[in-house]
Amino acid sequence: MDFVFGLIEFGLMILLFIIAKVSVKHASNKWRLVYAAPTFLAIAIAVFDGFDVNYIGIYLAAALQLTALFFTFDQVNRKQCLAVISAVLIVANIVFISISPSYHRCEYYADFEKAFETLRAHYVLDKEKGIDWDELYSKYEPVFKEVDKTQDHVENYKAWHRFLGKFYDGHVSYCENSEGLGRDAFCRAYGNDYGLSLARLISGEIVAINVEGYDNSYTIDSEEHDVMGMHTVKEIFQPDTAEADRLTLKNAGIKNGTVITKWNGRSVEECLKEVDYYMNQYPVRENEEFYIPIYAAGIGRNLNYGDTYVPEEELTDREGNNISDNPSVDITFLDDNGNEKTVTAPNLGMYAARMFDTMGKIDDGVNITNLEWQEVNEDTYMIRISSMAYDRESYSGSDFKMVSDEVREKVEALKEAGVKNIIFDLRSNSGGNPYFVEAVAQIFAPKGEHITYYNAVINEKTSSYDRNADGKYEMGVPSAYEGEDLWHDGKVILLVNSQCVSAGDDMTYIMGSLPNVKVMGFTSSNSSCQAVTGVGLEEGEISFSAVPTLFPDGEIAIDTYSDHVGRTPFDEKIPFDQEAINAIFDKGEDYLLDYVAESF
């Protein structure tokens, strides 16, 4: 309500000032009811929207009008004076909340309303994703109304990730305008750090990874590779005993790869069911299941998923009881002899930093410049493509001849040198321009024309994309490229993961279907391919799939449907096993790249 409530009350005071004279000419006890209107409105707002101490001046101004009920009709000056006093109180209250540094109501609810209506009108995959708009609104409208009432930026973060996660679309996201609030919310939204992350092996067991105290694992003191800059706020979250407690798990015998059987006396599988939002979008169900254990490692004893204890700040458990002591977790594991043991792991601070580091160790590609080549062995070279962008001038256009020329020159040189294999490192490819993809694919594709996608036809009157009677979008102009087949006798492997998204999915689809190309990874690519738009809100911005991209048969290209099954090529799922964990978290090796190179 913010200023609207105050303005309505101010308007009522102007009305009462005028009515003071009118009621004399048309005497009736019914006029007395008008003086109760400001109080009735204030009570209604307090009941339905919550009492807010910052409105105290407006509440007093409204209550003051009740005294006019005891004035006679001819006491016009008193009534008008009362209206003026109330109006001054209201103006003073509005000025206070406008300039007070401790009071600024964020438009969380209004942002949700705008975003929801925008998505409902322009999101192009609602049928494919099985979106039930009415059900979504009925579930999340009260959530955002409560967030708006409490003005809790952390709960706002959680609400957006829960809400938008229902779209299962890597192109649907929310970003806060305030970098400070966004970072703080991220730090507070994933629970506490108990010295490890969790992962599921290809064989099904849940194991410890990134365990505190091992050489290549994350440590609470680490500032290296901290792209989020979270080390700048770590001390706020760390208990005084964190440094002394940091080796608790290692001393108990838990190491990278140790099987974890219970979390606070419950099966880990039971805890995984509580995870209901993520840092990223996982449209493919199989990919989602791969990452869920990583998130669950932040759940504290008697706390809900995402609850984060911060020293010197109040926190309540599931029953609403205040937690004054630093929370801990009972971790049950199998020792080297296969016997179950339990250790109480103390809180070392926020879990978000370790979680982010864990995902980076699993997902990050080779840390070299985009389009840079690197020798793997005498038979194999690797090209790193972290985004589908070459330079600022070409990014928004369709001419990527310079990319084709650069790749063609290198491929011909490798052929001349006797190289037989090429690895495309597309891990965590952030996407970009699809014409970049065609510029690279043409070098490797068989000779002749290759149609990639069709655009959809927009309805100029409604500025939307209409579906035909069969439920498909009307097909427009196709995009195509000419193959050159310069690597006819060589082999290619695309190395992907769930964070290979958008134009990264394009390259996975276009090149993955070529006869001498194989797609591999711990997980398949993201499966999100439609063109994206962004809409600014008061407190943030949403992005979403807004322009359909179609296969030649008229079906939506690449994106998952309501079955959450990936639709990009994926030839071999690399086993996430004890060998992989040892290489990644103990030795710091690029296990995936080595595995792919050996698979040739």
Side-chain angles (χ1 to χ4, degrees), residues 1-11 41 44-46 48-58 90-91 93-124 126 131 133-134 136-167 169 171-189 228 277-281 306 463-464 532-546:
M1 288 296 291
D2 269 43
F3 299 108
V4 177
F5 173 38
L7 292 174
I8 293 175
E9 291 282 11
F10 184 77
L41 175 62
I45 293 295
F48 293 105
D49 198 49
F51 177 83
D52 191 332
V53 69
N54 292 286
Y55 294 158
I56 193 67
I58 301 176
I90 292 169
V91 170
N93 202 144
I94 291 176
V95 170
F96 167 75
I97 63 177
S98 298
I99 65 175
S100 173
S102 63
Y103 181 81
H104 168 63
R105 288 193 64 85
C106 296
E107 300 291 337
Y108 293 140
Y109 182 73
D111 277 1
F112 166 74
E113 289 283 327
K114 180 180 178 180
F116 184 86
E117 290 306 318
T118 301
L119 288 166
R120 189 167 196 165
H122 299 292
Y123 182 64
V124 295
D126 55 339
I131 302 296
W133 295 107
D134 293 336
L136 264 185
Y137 186 81
S138 64
K139 181 175 182 178
Y140 288 101
E141 187 269 347
V143 173
F144 280 94
K145 182 170 284 187
E146 180 64 22
V147 168
D148 193 71
K149 183 189 300 184
T150 61
Q151 290 290 292
D152 190 329
H153 66 285
V154 181
E155 291 304 314
N156 182 61
Y157 173 94
K158 295 178 181 179
W160 278 110
H161 282 257
R162 287 187 176 107
F163 168 53
L164 296 180
K166 299 302 180 184
F167 289 78
D169 185 340
H171 278 151
V172 176
S173 64
Y174 171 80
C175 179
E176 296 86 346
N177 285 339
S178 169
E179 182 180 349
L181 286 180
R183 179 185 294 178
D184 186 69
F186 180 78
C187 291
R188 295 172 183 263
M228 291 287 289
Y277 62 88
Y278 313 110
M279 176 178 68
N280 301 308
Q281 284 267 20
S463 297
S464 61
V532 187
T533 191
V535 173
L537 308 171
E538 288 297 321
E539 312 302 335
E541 179 182 5
I542 59 166
S543 63
F544 59 94
S545 301

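Sequence neighbours left out, the pairs with a member in residues 109-123 that pass salt bridge (charged side-chain N to carboxylate O under 4.0 Å, His left out) are R120-D134.
The closest side-chain heavy-atom distance from I542 to V172 is not below 4.5 Å. By the 4.5 Å heavy-atom criterion applied to side chains, E539 and Y108 are counted as neighbours. Contact annotation: the side chain of L119 approaches that of F167 to within less than 4.5 Å [non-hydrogen atoms, C-beta and beyond].
In this view, K166 and L136, K139, Y140 satisfy the side chain to side chain contact (heavy atoms under 4.5 Å, CB included) rule, not counting sequence neighbours. Considering only residues two or more places apart in sequence or on other chains, N280 meets the side chain to side chain contact (heavy atoms under 4.5 Å, CB included) condition with Y282, Y295, M359, Q499. In this structure T150 satisfies the side chain to side chain donor-acceptor pair (under 3.5 Å) test with no other residue, sequence neighbours excluded. Not a single side chain to side chain donor-acceptor pair (under 3.5 Å) links T118 to another residue, sequence neighbours left out. Taking the salt bridge (charged side-chain N to carboxylate O under 4.0 Å, His left out) definition, one finds that E176 meets it with nothing, sequence neighbours left out. Take F112 and apply the ring pair (Phe, Tyr, Trp, His ring centres under 6.0 Å) test, not counting sequence neighbours, and it matches F116, Y137, F144, F163. For D184, the salt bridge (charged side-chain N to carboxylate O under 4.0 Å, His left out) partners are R188, not counting sequence neighbours. Contacts of H122 classified as ring pair (Phe, Tyr, Trp, His ring centres under 6.0 Å), with partners at least two apart in sequence or in another chain: none. The side chain to side chain contact (heavy atoms under 4.5 Å, CB included) check on L181 picks up H153, S178, with sequence neighbours excluded. Listed by chain and residue number, Y123, I131, W133, R467 satisfy the side chain to side chain contact (heavy atoms under 4.5 Å, CB included) test with D126 (two or more places apart in sequence, or in another chain).
Distance check: N93 CG to F10 CZ gives 13.0 Å after rounding to the nearest 0.5 Å. Here Y157 contributes atom OH and C175 contributes atom SG; the two are 10.5 Å apart, rounded to the nearest 0.5 Å. Taking CD of E146 as the reference point, atom CG of N156 lies at 12.5 Å (rounded to 0.5 Å). Rounding to the nearest 0.5 Å gives a distance of 6.5 Å between CD1 of I58 and CD1 of I90.
Under a 3.5 Å cut-off, the side chain of E155 and the backbone N or O of D152 do not form any donor-acceptor pair. Listed for the D148 side chain is no donor-acceptor partner under 3.5 Å among the backbone atoms of E107. Remark: the backbone N or O of Y278 is paired with a side-chain donor or acceptor of H161 at under 3.5 angstrom.
More than 12 heavy atoms of other residues, nucleotides or ligands lie within 6.0 Å of OH in Y109, so this atom counts as buried by the packing criterion.
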Verdict with supporting geometry, Y174 and E541, side chain to side chain contact (heavy atoms under 4.5 Å, CB included): CA-CA 6 Å; Y174 171 80; E541 179 182 5; over 6 Å; no
Start with the C-alpha gap between S543 and H171, add the side-chain angles, then the distance that decides, and say whether side chain to side chain contact (heavy atoms under 4.5 Å, CB included) holds. CA-CA 7 Å; S543 63; H171 278 151; 5.9 Å; no
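Smallest separation of non-hydrogen atoms from A546 and V124: O-CG1, 3.2 Å. Nearest heavy-atom pair, S173 versus L164, reported as atom, atom and distance to 0.1 Å: C-CD1, 3.5 Å. Across all non-hydrogen atoms, the minimal contact from D169 to S545 is OD2-OG, 2.8 Å.
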